[in-house]
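In what follows, a single structure is set out as structure tokens and then discussed.
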Amino acid sequence: MATRRLRKFERQPEILIFDVDGVLVDVRGTYWRSALETVRVLTGERVTYAELHEWKSKPGYNDDWKMTADWATSVGRPTTYEEAQKAFIRIYWGPRGGPLGNVRNEKLLVTPRQIAAWAANYELNLFTGRNRREFRFTFDSWPGTAHFERVITMDDVKRIKPDPEGLHKILRRRDPGTALYLGDNIDDALAARDAGVPFMAIIAPGEHGYGARAKRFRELGALALLPRATDLNGWLKEEGKRPRK
């Protein structure tokens with residue numbers, strides 16, 4: 001599927017920064033399913049994926065615990081952040097001492113070989129809304145992880161996305177124009193904009209709410225809309241790679 005280009009790089013990136021969920025990992029059966037099941041448990045109401053995407057398209061809901069708390073409250077069951085967090089964790093991880101929950105459905109979308117190929121030309125980093133435990137479950141034993149120089153999780157920042165603190169930590173006062181951030185939601189785009197980091201959105205035609213989400217990504221300055229993270233290859237190839245110094 002062809003990449004949707006909006007405008008060119010002002011200059012070639014030297015640093016590639018990736019979000020995790022929806023970019024490197026398929027989370028439809030993990031976080032998305034857990035969010036739906038959490039709201040159902042809290043409210044007794046059967047909510048839908050269409051509703052989930054409506055909530056996900058709003059700024060400030062990169063944090064699934066906050067999203068499910070506000071979602072359940074809007075349905076008519078006032079819910080605190082802590083209540084939503086506790087219910088979500090039980091569904092995502094499974095009951096203490098019992099079988100794994102939805103986390104068992106984790107699926108990686110990019111191969112270690114692809115990560116290594118990117119690392120040969122660029123500095124690689126991760127900025128994710130996951131906490132450290134969630135990140136380590138999937139990535140500690142994955143060969144591709146060794147190629148990322150810095151991993152910033154929600155446990156490593158005082159302010160989570162859309163705040164750009166994580167991007168600042170990765171850049172360490174370096175020119176943000178030398179980096180490129182790939183993410184799949186509005187909070188990623190907002191963080192990139194506020195950090196001055198060029199951004200590409202991972203969004204495939206046919207996804208729920210594609211038109212509205214694509215429009216918002218364009219408004220926030222996305223360089224391109226990529227159906228998959230690996231579509232970055234064709235984009236970079238067209239522009240010509242710049243070896244990492």
Problem set entry | Lys NZ or Arg CZ of Lys161 over Phe127 ring: under 6.0 Å, within 45° | yes
Exercise. Is there a donor-acceptor contact under 3.5 Å from the side chain of Asp155 to the main chain of Arg132?
Worked result: yes
For this session: State, without any angle test, whether Glu134 and Tyr92 hold a side-chain donor-acceptor pair at a distance under 3.5 Å.
Result: no
For this session: Mind checking the CG-CG spacing from Leu124 to Asn121? Nearest 0.5 Å is all I need.
Result: 9.5 Å
Exercise. Do Asn62 and Asn185 have a side chain donor and acceptor closer than 3.5 Å?
Worked result: yes
For this session: Under the side-chain contact (heavy atoms from CB on, under 4.5 Å) rule, what do Arg150 and Arg172 come out as? Steps first, then yes or no, please.
Result: CA-CA 11 Å; Arg150 297 203 77 186; Arg172 293 167 291 180; 3.6 Å; yes
Exercise. Of the options Thr68, Asp64, Asp70, which is the one that meets Lys66 in a side chain to side chain contact (heavy atoms under 4.5 Å, CB included)?
Worked result: Asp70
Exercise. When you measure from the side chain of Asp188 to the backbone N and O of Gly183, does any donor-acceptor pair fall under 3.5 Å?
Worked result: no
Exercise. Rounded to the nearest 0.5 Å, what separation is found between the CG atom of Leu225 and the CG atom of Asp231?
Worked result: 11.0 Å
Problem set entry | Intermediate values then yes/no, side-chain contact (heavy atoms from CB on, under 4.5 Å), Trp65 and Ile89 | CA-CA 9 Å; Trp65 300 335; Ile89 288 173; 4.0 Å; yes
For this session: Could you walk me through whether Arg130 and Asp21 pass the salt bridge (charged side-chain N to carboxylate O under 4.0 Å, His left out) test, one step at a time?
Result: CA-CA 8 Å; Arg130 293 185 176 212; Asp21 299 332; 2.7 Å; yes
Problem set entry | Side-chain touch Ile15/Thr178, heavy atoms, less than 4.5 angstrom | yes
Problem set entry | Nearest atoms (heavy-atom pairs only) where Pro176 meets Ala195 | CB-O, 3.3 Å
Exercise. Going through the distances and angles, do Ile170 and Tyr181 end up as a side-chain contact (heavy atoms from CB on, under 4.5 Å)?
Worked result: CA-CA 11 Å; Ile170 289 170; Tyr181 186 37; over 6 Å; no
Exercise. Once you round to the nearest 0.5 Å, how far does CG of Leu167 lie from NZ of Lys169?
Worked result: 12.0 Å
Side-chain donor-acceptor pairs under 3.5 Å in residues 138-145, sequence neighbours left out?
unit_1	atom_1	unit_2	atom_2	d
Thr138	OG1	Glu106	OE2	2.7
Asp140	OD2	Arg136	NE	2.8
Asp140	OD2	Arg136	NH2	3.1
Thr145	OG1	Phe139	O	2.6
Thr145	OG1	Trp142	O	3.2

Exercise. Can you name the nearest heavy-atom pair linking Gly129 to Met154, along with the distance?
Worked result: O-SD, 3.4 Å
Exercise. Step by step, would you call Lys107 with Val25 a side-chain contact (heavy atoms from CB on, under 4.5 Å)?
Worked result: CA-CA 6 Å; Lys107 295 179 181 178; Val25 178; 5.7 Å; no
Exercise. What pair of heavy atoms forms the shortest contact from Tyr210 to Ala204, and how long is it?
Worked result: CD1-O, 3.3 Å
Exercise. Between Thr48 and Glu51, does any side-chain donor sit less than 3.5 Å from a side-chain acceptor?
Worked result: yes
Exercise. Does Lys58 NZ have over 12 foreign heavy atoms under 6.0 Å away?
Worked result: yes
For this session: Would you indicate whether the side-chain heavy atoms of Ile115 and Val110 approach each other to under 4.5 Å?
Result: yes
Exercise. Distance under 6.0 Å and angle within 45° of the ring axis: does Arg133 meet both against Trp93?
Worked result: yes
Exercise. How far apart are the closest heavy atoms of Thr79 and Ala84, and which atoms are they?
Worked result: CG2-N, 3.9 Å
Seminar exercise, completed: Those residues at least two apart in sequence (or on a different chain) that pass side chain to side chain donor-acceptor pair (under 3.5 Å) with Glu207 are Arg213
Exercise. Should Leu232 and Leu108 be counted in the same cluster of Ile, Leu, Val, Met, Phe, Trp and Tyr side chains packed under 4.5 Å apart?
Worked result: yes
Problem set entry | Heavy-atom neighbours of Arg113 CZ exceed 12 at 6.0 Å | no
Problem set entry | Side-chain heavy atoms of Leu52 within contact of Val47, under 4.5 Å | no
Seminar exercise, completed: Looking only at heavy atoms, the pair that brings Ile152 and Gly166 closest together is CG2-CA, 3.8 Å
Problem set entry | Considering all heavy atoms, the nearest Ala214-Ile203 contact | N-CD1, 4.1 Å
For this session: Could you tell me whether a side-chain N or O of Glu83 sits under 3.5 Å from a main-chain N or O of Thr80, the two making a donor and an acceptor?
Result: yes
Exercise. How long is the gap from CD1 on Ile186 to CZ on Arg193, to the nearest 0.5 Å?
Worked result: 10.5 Å
Exercise. Can you check whether Val157 reaches Asp163 side chain to side chain, under 4.5 Å on heavy atoms?
Worked result: no
Exercise. According to the interplanar angle, ranging from 0 to 90°, do the rings of Phe217 and Phe199 count as parallel (below 30°), tilted (30 to 60°) or perpendicular (above 60°)?
Worked result: tilted
Exercise. Do the side chains of Arg216 and Ser57 get nearer than 4.5 Å, heavy atoms only?
Worked result: no
Problem set entry | Check: Val151 and Asn125 side chains under 4.5 Å, non-hydrogen atoms | no
Exercise. Are a donor atom and an acceptor atom from the side chains of Trp118 and Asn233 found within less than 3.5 Å of each other?
Worked result: yes
Exercise. Looking at side-chain heavy atoms only, is the closest gap between Val20 and Leu126 below 4.5 Å?
Worked result: yes
Exercise. Counting only heavy atoms not in Arg104, do more than 12 fall under 6.0 Å of its CZ?
Worked result: yes
Exercise. So does Arg40 have more than 12 non-hydrogen atoms from other groups sitting under 6.0 Å from CZ?
Worked result: yes
Exercise. Quick check: are there more than 12 heavy atoms from other residues, nucleotides or ligands sitting under 6.0 Å from CZ of Arg159?
Worked result: yes
Exercise. Got a second to check how far Glu37's CD is from Arg46's CZ, nearest 0.5 Å?
Worked result: 9.5 Å
Seminar exercise, completed: One should read off an interatomic distance between Glu54 CD and Tyr61 OH, to the nearest 0.5 angstrom, of 12.5 Å
Exercise. With no hydrogens and no angle check, do the side chains of Asn102 and Thr30 hold a donor and an acceptor under 3.5 Å apart?
Worked result: no
